[in-house]
Amino acid sequence: MFEHIPAYPGDPILSLNEDFQLDPRPNKVNLSIGIYFDDAGKLPVMDAVRRAESALLESIGPRSYLPMAGLPLYRDTAQALVFGANSEARVAGRIATLQTIGGSGALKVGADFLKRYFPGSQIWISEPSWENHRVVFEGAGLTVNTYPYYDEQTGGLRFADMIETIGRLPEKSVVLLHACCHNPTGVDLSASQWAELVPVLQRRKLIAFVDMAYQGFGAGLEEDAACVRLLTEAGIPVIAANSFSKNFSLYGERVGALSVVCQSAEEAGRVLGQLMSTVRSNYSNPPTHGARLVANVLADASLRASWEAELAGMRERILAMRGTIHTGLAGRVDEVMRARYIAQRGMFTYTGLSESQVERLRSEYAVYVLRSGRMCVAGLNARNAEYVAASIAAVVSGA
């Protein structure tokens with residue numbers, strides 16, 4: 001019966017991570033998978049999360065199904081973190097927010113919602129974008145197109161080309177935007193560029209679908225959400241997907257949220273109902289544990305302060321590792337390639353390495369980055385950063 005089913009080729013990121021696990025070399029460095037590791041090379045358990053979890057374990061109770069929309073306190077605190085506690089749209093009840101199974105679940109629910117209620121709309125994603133963006137939206141039946149984004153020559157942004165393309169899109173088209181810490185390039189729009197994009201989206205009557213998986217890893221919690229708030233204040237139809245996998249180090253708990261900004265509270269109620277219907281047709285209810293951890297941390301002043309301080313430390317460590325690579329490559333590679341390590345931000349950097357150079361990094365130096373040249377800077381630490389810089393210099397020089 002199943003003879004016609006082809007083999008799954010595998011996810012390129014997860015497959016490379018599996019290869020890394022099998023590599024016996026003691027000096028191996030994994031810079032492929034998008035996970036934050038601390039300076040000891042370990043996945044951290046944040047102190048605020050540890051304290052929140054300890055409190056939960058002291059009062060273990062029944063674990064019934066959550067509502068389809070998720071844990072109410074989680075939805076409220078997540079919405080406040082993304083849009084600001086005093087957002088006019090939030091105060092007016094114009095934002096429909098529901099708990100999802102991670103950021104990927106938010107994208108999936110949003111994609112299904114768009115396909116059902118905007119069947120004639122197509123979606124545009126950046127070139128390049130996170131590989132799973134295309135997979136999720138095409139899987140929902142949407143036609144996926146791309147708009148210009150990354151400049152391979154400079155390691156920067158093709159903003160003029162991006163604006164020109166978006167300015168020609170059909171009305172009600174969906175534009176997927178990265179709020180901060182663009183995956184995979186690490187290249188973000190500046191505040192002035194976001195301001196320039198707003199009237200283009202308004203004029204063309206487009207839907208902005210913002211993916212915010214790294215809030216707090218760019219410039220700060222408030223700064224990284226500024227674009228979502230700008231778009232909301234401008235009256236642009238906004239769909240926002242956010243994740244707590246990275247900034248709470250809760251990868252396996254799958255904690256995310258999806259929000260839709262509407263014109264009225266009544267409209268938001270209808271949209272929330274249809275989002276719940278979409279959840280019902282996918283997985284019925286979200287899980288409990290991770291949502292309780294996040295909600296309890298965000299709702300408690302002491303735990304939240306601890307979390308924000310530790311998150312700031314994680315962000316600063318990434319910046320320090322970028323600086324170490326930048327310094328280590330001085331005089332070894334051209335300045336355009338070297339500069340991107342400090343010009344780009346967040347967990348990822350597009351190194352500018354070719355596929356053959358990436359292959360040499362892996363085979364000869366046990367340094368794993370993606371075939372595209374994407375490096376997860378969060379995998380660097382004080383013990384391996386200089387070795388990685390030397391290895392990059394060697395493959396670039398052809399030594």
Side-chain angles (χ1 to χ4, degrees), residues 2 5-45 101-105 128-136 139 181 183-186 213-214 217 243 245-246 248-254 290 314 317-318 321-322 324-325 328-329 341 346-399:
F2 303 111
I5 298 174
Y8 173 51
D11 179 274
I13 299 176
L14 299 182
S15 297
L16 190 62
N17 189 56
E18 291 169 2
D19 291 343
F20 173 83
Q21 300 300 332
L22 297 174
D23 192 327
R25 290 174 287 184
N27 62 333
K28 63 182 180 179
V29 183
N30 189 0
L31 305 177
S32 60
I33 194 165
I35 291 179
Y36 176 89
F37 295 102
D38 61 21
D39 203 55
K42 305 295 184 182
L43 186 66
V45 177
I101 301 179
S104 296
S129 193
W130 180 44
E131 293 89 343
N132 216 31
H133 280 147
R134 178 176 292 276
V135 174
V136 169
C181 308
N183 182 2
T185 69
Y214 306 97
F217 276 91
S243 167
S245 293
K246 277 77 176 178
F248 269 79
S249 194
L250 286 173
Y251 300 89
E253 295 293 347
R254 311 309 296 133
M314 294 162 74
R317 198 189 76 77
I318 290 176
M321 291 302 98
R322 286 183 173 278
T324 300
I325 289 285
L329 290 176
Y341 289 95
M347 290 180 62
F348 303 114
T349 279
Y350 245 31
T351 60
L353 296 171
S354 66
E355 284 192 29
S356 61
Q357 290 169 335
V358 167
E359 174 58 27
R360 280 196 64 200
L361 265 185
R362 184 194 63 79
S363 61
E364 297 179 28
Y365 299 95
V367 176
Y368 285 70
V369 301
L370 297 190
R371 185 185 309 169
S372 63
R374 189 198 82 172
M375 171 193 291
C376 181
V377 186
L380 295 169
N381 56 54
R383 297 178 311 283
N384 64 29
E386 292 184 1
Y387 170 73
V388 169
S391 301
I392 291 172
V395 300
V396 169
S397 67

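For the atom pair CG of L31 and CG of N384, the computed distance is 6.5 Å after rounding to the nearest 0.5 Å. Here the CZ atom belonging to R25 is positioned 10.0 Å from the CZ atom belonging to F20, to the nearest 0.5 angstrom. The SG atom of C376 sits 9.0 Å away from atom CG of N183, with the distance rounded to the nearest 0.5 Å. Within the model, atoms CD1 of I392 and CZ of R360 stand 12.5 Å from one another, a figure rounded to the nearest 0.5 Å. For the atom pair I33 CD1 and N17 CG, the distance stands at 4.0 Å (nearest 0.5 Å). Going from atom CE of M347 over to atom CE of M314 covers 8.0 Å, rounded to the nearest 0.5 Å.
For the pair S249 (side chain) and P44 (backbone), a donor-acceptor distance under 3.5 Å is present.
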* Decide yes or no on side-chain contact (heavy atoms from CB on, under 4.5 Å) for L370 and E131, but give the supporting numbers first. => CA-CA 12 Å; L370 297 190; E131 293 89 343; 4.1 Å; yes

* Go through the steps for L380 and T324 under the test side-chain contact (heavy atoms from CB on, under 4.5 Å), then give the verdict. => CA-CA 9 Å; L380 295 169; T324 300; over 6 Å; no

* To do: Please step through side-chain contact (heavy atoms from CB on, under 4.5 Å) for the pair S245 and L250, ending with a clear verdict.
  => CA-CA 5 Å; S245 293; L250 286 173; 6.0 Å; no

* Asked: Can you list the steps and then say if T185 with F348 is a side-chain contact (heavy atoms from CB on, under 4.5 Å)?
  -> CA-CA 6 Å; T185 69; F348 303 114; over 6 Å; no

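Taking both residues in full, the closest heavy atoms of G373 and T351 are given as O-OG1, 2.7 Å, listed atom of the first, atom of the second, then distance. Minimum heavy-atom separation, P128 to P184: CG-CG, 3.9 Å.
By the side-chain hydrogen bond (donor to acceptor under 3.5 Å, both in side chains) test, S129 pairs with H133, H178, sequence neighbours left out. A search for side chain to side chain contact (heavy atoms under 4.5 Å, CB included) contacts involving N132 returns S104, W130, V135, V136, not counting sequence neighbours. Looking at residues two or more places apart in sequence or on another chain, you find a ring-ring contact (aromatic ring centres under 6.0 Å, His included) between F248 and F244, W307. In this structure, D19 has no salt bridge (Lys or Arg N to Asp or Glu O under 4.0 Å) partners at least two apart in sequence or on a different chain. Checked against side-chain hydrogen bond (donor to acceptor under 3.5 Å, both in side chains), E253 has no partners two or more places apart in sequence or in another chain. Under the salt bridge (Lys or Arg N to Asp or Glu O under 4.0 Å) criterion, E359 pairs with R362, not counting sequence neighbours. With sequence neighbours left out, the side chain to side chain contact (heavy atoms under 4.5 Å, CB included) criterion links V358 to L353, V369. Residues meeting the ring-ring contact (aromatic ring centres under 6.0 Å, His included) test with F37, sequence neighbours left out: none. Legend: residues meeting ring-ring contact (aromatic ring centres under 6.0 Å, His included) with Y251, ordered by chain and number and at least two apart, are absent. D38 pairs by the salt bridge (Lys or Arg N to Asp or Glu O under 4.0 Å) definition with nothing, not counting sequence neighbours. Every residue two or more places apart in sequence or in another chain was checked for a salt bridge (Lys or Arg N to Asp or Glu O under 4.0 Å) with R254, and none qualifies.
Remark: the S356 side chain and the S354 side chain contain an N/O donor-acceptor pair separated by less than 3.5 Å. For the residue pair Y368 / D23, a side-chain donor-acceptor distance below 3.5 Å is found, with atom types taken as modelled.
Each salt bridge (charged side-chain N to carboxylate O under 4.0 Å, His left out) pair with one or both residues in residues 369-398, not counting sequence neighbours, would appear here, but there are none.
Taking the side chain as every heavy atom from C-beta outward, Y350 and S372 approach each other to under 4.5 Å. Looking only at side-chain heavy atoms (C-beta outward), Y365 and V388 stay at 4.5 Å or farther from each other. In this structure, M321 and Y341 have side chains that are not in contact, with every pair of non-hydrogen atoms separated by 4.5 Å or more.
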